[in-house]
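Order of listing sets the numbers, starting from 1, for every ligand and every atom in it. Treat the numbers as computed from the prediction; the structure is a model and nothing was measured.
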Amino acid sequence: GCLPIEEMARRGEDTMRYGPLKPVGLFDARKGDFRAPENQHHRPYAVVQLRQEDKTGQLWNMVGFQTNLRWGEQKRVFRLIPGLEEAEFVRMGVMHRNTFLNAPELLQPTLQFKKRSTLLAAGQLVGTESYTAAAAGGWLAGTNAARLVLGLELVTMPPTTMMGALFDFISSASPKHFQPMPPNFGILPELAVRIKNKRERYGAYRDRALADLDGWLSRLRVSAA
Ligand SMILES: Cc1cc2nc3c(=O)[nH]c(=O)nc-3n(C[C@H](O)[C@H](O)[C@H](O)COP(=O)(O)OP(=O)(O)OC[C@H]3O[C@@H](n4cnc5c(N)ncnc54)[C@H](O)[C@@H]3O)c2cc1C
């Protein structure tokens, strides 16, 4: 969800209610679970999630409110939200833009630069998206940097694992229109058989990845010995 909140609002009243303001998974200490039949009519229309930012609970971040609105307009519009009438705004909403390398042009799947193999890139800078992908890229680059210093062969993971597929994708996609990619099932190689049921299909991806990872780890142990 990187759309500005005003763009979502422009698309219709329900866009925000089914997006960042979706009132699901909530529990009210006074009323209990909103899914309970007796609480159905108490179910909130829409909910703004506030994430505590400081220890004392004076600063709260409004989740899902990336925006291009001018600061004065932000204060005016966001104070229309019940409960925020008196809010003091200390940091205004902005749109964030990821800075990323053109990985297909610059990087190998080991996360080494093609033109300078002792330089490695990590994190979302390599053209991945999400916390887990950034952490995974950090692990791969760090592991390979250490292996480089120790004179060991550098590693990439099996392409059937999400990490293997992701770093293979960013280093082999078309450089012309390259955009950051989050981990997703679409980048994994197809299964040998078609499985219609989604849950079972994802389970098959998992089992195949774990089996390949086992083989990969054993080979790594042998080569390290
Ligand atoms: C508003 C927002 C919401 C998000 N929500 C989610 C989410 O719900 N789930 C999810 O999976 N991902 C989410 N992401 C994406 C996620 O935050 C990033 O993919 C992840 O944090 C990237 O980690 P990183 O370590 O690569 O980079 P960063 O977390 O950006 O870390 C880079 C660090 O380098 C520092 N730095 C930069 N330049 C220099 C320099 N010259 N010298 C020294 N230090 C420097 C920066 O200060 C920063 O601390 C969100 C991102 C944003 C902006």
Side-chain angles (χ1 to χ4, degrees), residues 1-11 15-26 46-55 59-71 73-75 77-78 81 84 87 89-113 116 118-146 154-157 161-171 173 178-188 202 205-206 209:
C2 290
L3 274 185
I5 193 82
E6 61 274 18
E7 177 55 31
M8 280 191 238
R10 198 172 290 129
R11 291 181 183 187
T15 311
M16 291 184 292
R17 295 204 319 121
Y18 286 86
L21 309 191
K22 197 171 180 180
V24 294
L26 298 168
V47 169
V48 175
Q49 187 189 335
L50 298 175
R51 197 180 280 160
Q52 187 168 342
E53 291 224 39
D54 65 332
K55 275 192 191 145
L59 293 177
W60 298 81
N61 176 13
M62 295 170 71
V63 178
F65 277 74
Q66 290 199 46
T67 175
N68 286 318
L69 287 175
R70 288 167 184 267
W71 291 8
E73 238 352 58
Q74 288 191 36
K75 290 181 188 169
V77 175
F78 298 154
I81 297 171
L84 295 185
F89 292 93
V90 295
R91 189 179 60 207
M92 306 312 294
V94 289
M95 286 305 295
H96 92 273
R97 191 176 64 89
N98 280 358
T99 301
F100 56 94
L101 299 168
N102 190 325
E105 198 172 316
L106 298 171
L107 298 180
Q108 303 181 46
T110 51
L111 299 185
Q112 292 168 286
F113 276 80
R116 189 170 154 196
T118 51
L119 182 65
L120 294 96
Q124 71 177 11
L125 199 62
V126 305
T128 60
E129 232 181 75
S130 86
Y131 300 145
T132 45
W139 177 85
L140 184 65
T143 300
N144 276 336
L154 270 56
V155 294
T156 56
M157 299 184 72
T161 64
M162 193 55 83
M163 280 176 66
L166 194 59
F167 299 118
D168 181 50
F169 174 85
I170 59 152
S171 53
F178 180 67
Q179 282 297 315
M181 179 61 77
N184 69 89
F185 289 105
I187 58 173
L188 292 173
Y202 292 169
Y205 281 135
R206 175 202 57 215

[atom] touched by protein (heavy atom, under 4.0 Å):
atom                    : answer
atom 13 (C) of ligand 1 : yes
atom 2 (C) of ligand 1  : no
atom 47 (O) of ligand 1 : no
atom 34 (O) of ligand 1 : no
atom 18 (C) of ligand 1 : yes
atom 10 (C) of ligand 1 : yes
atom 44 (N) of ligand 1 : no
atom 40 (C) of ligand 1 : no

Between the CE atom in M8 and the CG atom in L21, the distance rounded to the nearest 0.5 Å is 8.0 Å
Donor-acceptor under 3.5 Å ([X] side chain, [Y] main chain):
X    : Y    : result
Q108 : S171 : no
N184 : G186 : yes
T161 : M157 : no

Contact check, side chains of [X] and [Y], non-hydrogen atoms, under 4.5 Å:
X    : Y    : value
F169 : I187 : yes
L111 : V126 : yes
F78  : E73  : no
L26  : V47  : yes

So the atoms of ligand 1 within less than 4.0 Å of a heavy atom of S130 turn out to be 10 (C), 11 (O), 12 (N), 19 (O)
Here the atoms of ligand 1 under 4.0 Å from any heavy atom belonging to G123 are 26 (O)
Of M95, Q66, Q124, the one whose closest heavy atom lies nearest atom 30 (O) of ligand 1 is Q124
field: Any N/O pair T132/ligand 1 closer than 3.5 Å
entry: no
Is Y131 close to ligand 1, meaning an N/O of one under 3.5 Å from an N/O of the other?
yes
Within the 4.0 Å heavy-atom cut-off, what A134 brings close to ligand 1 is side chain
With heavy atoms and a 4.0 Å threshold, my read on which part of H96 contacts ligand 1 is side chain
Ion pair check, R10 and E6, cut-off under 4.0 Å
no
Plane angle bin for Y202 and F185 - parallel if under 30°, tilted between 30 and 60°, otherwise perpendicular
parallel
